[in-house]
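Structure first, commentary second.
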Amino acid sequence: MLTGKQKRFLRAEAHHLKPIFQVGKIGVNDNMIEQIGEALEKRELLKVSVLQNCMEDKDTVAEQIADGTDAHIVQIIGNQIVLYKESKENKQLRLP
């Protein structure tokens, strides 16, 4: 789990990021989880946008993605989910 200090740091780092994935009407599927996992390996920190027409609750979507990718949910704000997963090969962020 992430500490409060680490979450604050990651929220600040994610502030300027734009969402690179969108969860729509069909919700979360295996292909999406695989792609988000690969993107997390490259970037470590990313945003996912939950569209208005998504049938599932954003908290449920966040849990499904986090469980599927072994990532941490840093923040759910509005319809955006901020995810963090430490990269094995491309370490970019140094947590406090």
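For the single chain, residues carry numbers from 1 onward in sequence order. Bear in mind that the values here come from a model prediction, so they are computed numbers and not experimental data.
- Taking the side-chain hydrogen bond (donor to acceptor under 3.5 Å, both in side chains) definition, one finds that Glu86 meets it with Lys91, sequence neighbours left out.
- Among pairs with a residue in residues 53-67, those fulfilling side-chain hydrogen bond (donor to acceptor under 3.5 Å, both in side chains) read Glu56-Gln64, at least two apart in sequence or across chains.
- A heavy-atom distance below 4.5 Å is found between the side chains of Leu2 and Leu10.
- The environment of Gln35 atom CD is dense: over 12 non-hydrogen atoms of other residues, nucleotides or ligands sit within 6.0 angstrom.
- Pairs passing the side-chain hydrogen bond (donor to acceptor under 3.5 Å, both in side chains) check and including a residue from residues 41-51, sequence neighbours excluded, read Glu41-Ser87.
- From Gln80, atom CD reaches atom CD of Gln22 across 9.5 Å, with rounding to the nearest 0.5 Å.
- Looking at residues two or more places apart in sequence or on another chain, you find no side-chain contact (heavy atoms from CB on, under 4.5 Å) involving Asp30.
- Membership of the apolar cluster around Val28 extends to Ile20, Phe21, Val23, Met32, Ile33, Ile36, Leu40, Leu46, Val48, Val50, Val61, Ile65, Ile73, Ile76, Ile81, Leu83, as traced through chained side-chain contacts below 4.5 Å between ILVMFWY residues.
- Partners of Glu38 by side-chain hydrogen bond (donor to acceptor under 3.5 Å, both in side chains), not counting sequence neighbours: none found.
- A 4.5 Å side-chain heavy-atom check between Phe9 and Lys5 finds every atom pair outside the cut-off.
- Qualifying side-chain contact (heavy atoms from CB on, under 4.5 Å) partners for Arg11, counting only residues two or more places apart in sequence or in other chains: Lys7, Arg8, Val74, Gln75.
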